[in-house]
There are 2 protein chains.
Amino acid sequence: MDAIAEAPDQTAETDRHLSAFIGYAMKRALSIVQADFARTLADYDLRAVSFSALSIIVGEPGLTQTQLADALQIERSNLVTIIDELAGRNLIIRAPVAQDRRRHALMPTTAGKQLAAAAQASAIDHERRLFACLTEGERAELQRILRKFRKEAVV
Amino acid sequence: MDAIAEAPDQTAETDRHLSAFIGYAMKRALSIVQADFARTLADYDLRAVSFSALSIIVGEPGLTQTQLADALQIERSNLVTIIDELAGRNLIIRAPVAQDRRRHALMPTTAGKQLAAAAQASAIDHERRLFACLTEGERAELQRILRKFRKEAVV
DNA sequence: TATTGTTATACTCTATAACTATA
DNA sequence: TATAGTTATAGAGTATAACAATA
């Protein structure tokens with residue numbers, strides 16, 4: 001309990017006791033991707049979540065905030081400031097819905113569509129650059145396996 | 001700018017515009033893993049990061065807090081409360097280092113080694129259960145590709 | 001009564017700067 | 001001067017409850 005220890009020669013790979021876990025490998029890989037992605041999106045003053053929100057709004061114009069929150073897997077309440085920000089930059093509008101005045105139909109503006117297109121091109125480029133260390137087959141396998149897992153994992 | 005929209009029949013797969021990105025697939029997959037892992041570790045009153053810290057300390061007894069922070073890729077300052085908690089539960093001790101009295105050698109207690117062993121067994125079981133939807137070959141490929149990416153990605 | 005968007009709030013996570021004690 | 005551990009703090013991110021307007 002009061003042991004005096006010798007300082008060992010501690011170099012790299014200190015996390016080798018965790019690297020047997022796929023979850024750990026996924027976390028480490030994702031943090032690399034996220035850091036590079038954040039740098040990429042900084043050019044457009046977008047965070048990953050605002051990029052995702054804008055991309056979905058451009059792809060599914062007219063969806064409501066609740067639907068978007070579900071798609072992004074975030075709480076409705078936490079989406080509000082994200083939408084505020086995109087709307088404040090005139091990238092989207094909250095359009096009133098005729099049939100149900102509680103809802104807002106989220107619509108991209110022309111500027112929003114243009115920014116989304118440019119940011120998406122950069123995002124594609126970011127992935128191409130970052131995953132260039134993998135072969136085409138490895139990238140495809142990684143995507144396929146991750147999608148299969150998401151679809152079929154029993155939680 | 002003041003368009004009145006019809007509410008579209010919005011069902012699932014609203015995120016299909018993002019699923020071309022490997023990073024997005026990784027994030028979605030990881031969030032499933034993390035949720036299940038958190039449930040698994042709750043039995044031991046451990047968070048993922050405290051489990052990781054304890055596992056590394058058991059595997060590399062005597063390492064310092066700075067070394068552990070590097071291994072976990074977190075800030076030294078944010079490690080303090082994690083170590084406080086583990087030490088407060090008598091799972092580890094901060095042993096003085098003879099050669100350098102600034103440093104603490106992190107050593108697992110007997111209780112710490114026992115809890116780590118039990119939690120590790122549960123963690124292995126959690127991965128076995130959760131990734132059962134993948135074939136053995138797919139799990140191995142996923143691990144291999146993620147590791148290769150982490151090792152070779154040019155940031 | 002239930003739902004949509006919203007506000008308020010609290011809790012965790014993460015990053016930075018500065019302090020202390022040691023080297 | 002530099003380093004290890006620590007403290008304080010501020011900014012994100014996340015989760016919950018409750019409210020107003022509307023259904």
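Reckoned from all heavy atoms, side chains included, excluding hydrogens, waters and symmetry mates. Every chain is numbered from 1 and lettered A, B, ... according to where its sequence line falls, protein lines coming before strand lines.
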Round to the nearest Å and state the distance from A:I74 atom CD1 to D:dA15 atom C1'.
12 Å
Side-chain contact check for A:R102: nearest option of D:dT6, C:dG5, C:dT3 is C:dT3
Has the side chain of A:S77 got a donor or acceptor atom sitting under 3.5 Å from an opposite partner on the base of D:dT14?
no
A:R94 side-chain N/O to C:dT6 phosphate OP1/OP2 under 4.0 Å:
yes
Quickly work out the A:E75 CD to D:dA12 P distance and round it to whole Å.
20 Å
Please report, rounded to the nearest Å, how far the P atom of C:dC13 is from the CG atom of B:L79.
13 Å
Rounded to whole Å, CG of A:L41 lies from P of D:dA12 at a distance of 16 Å
Which whole-number value in Å describes the distance from B:Q34 CD to D:dT14 C1'?
13 Å
Taking only Lys NZ, Arg NE, NH1 and NH2, and the carboxylate oxygens of Asp or Glu, determine whether A:D84 and A:R94 approach each other closer than 4.0 Å.
yes
A:R47 vs D:dG13: side-chain N/O to OP1/OP2 distance below 4.0 Å
yes
Looking at B:Q67, does any N or O in its side chain come under 4.0 Å of the phosphate oxygens OP1/OP2 on D:dA4?
no
Ring center gap for A:F51 and A:F37 short of 6.0 angstrom
yes
How close or far is atom C1' of C:dT12 from atom CD of B:E85, stated in whole angstroms?
13 Å
Choose from D:dT22, D:dA17, D:dG5 the nucleotide whose nearest atom is closest to any side-chain atom of A:R101.
D:dT22
Contacts of A:V80 and A:D100 projected onto DNA chain C by closest heavy atom; the upstream (5') one is A:D100
Quick one about A:Q120 and A:S55 (side-chain donor to acceptor, distance below 3.5 Å, no hydrogens or angles considered), yes or no?
yes
Would you say the side-chain atoms of A:Y44 and A:S122 include a donor-acceptor pair closer than 3.5 Å?
yes
Integer-rounded Å distance: D:dA15 P and A:L72 CG
13 Å
Listed nucleotide nearest any side-chain atom of B:H104, set C:dG5, D:dG5, C:dT16:
D:dG5
Let's see if you can work this out: which of D:dG5, D:dA15, C:dG5 has an atom nearest to the side-chain heavy atoms of A:N78?
D:dA15
Just N and O in the side chain of B:T66: are any of them under 4.0 Å from OP1 or OP2 of D:dG5?
yes
Partner of B:L146 by side-chain contact (heavy atoms from CB on, under 4.5 Å), out of A:L146, A:I145, A:L30, A:L142:
A:L142
Rounded distance in Å - CZ (A:R76) to P (C:dT3):
10 Å
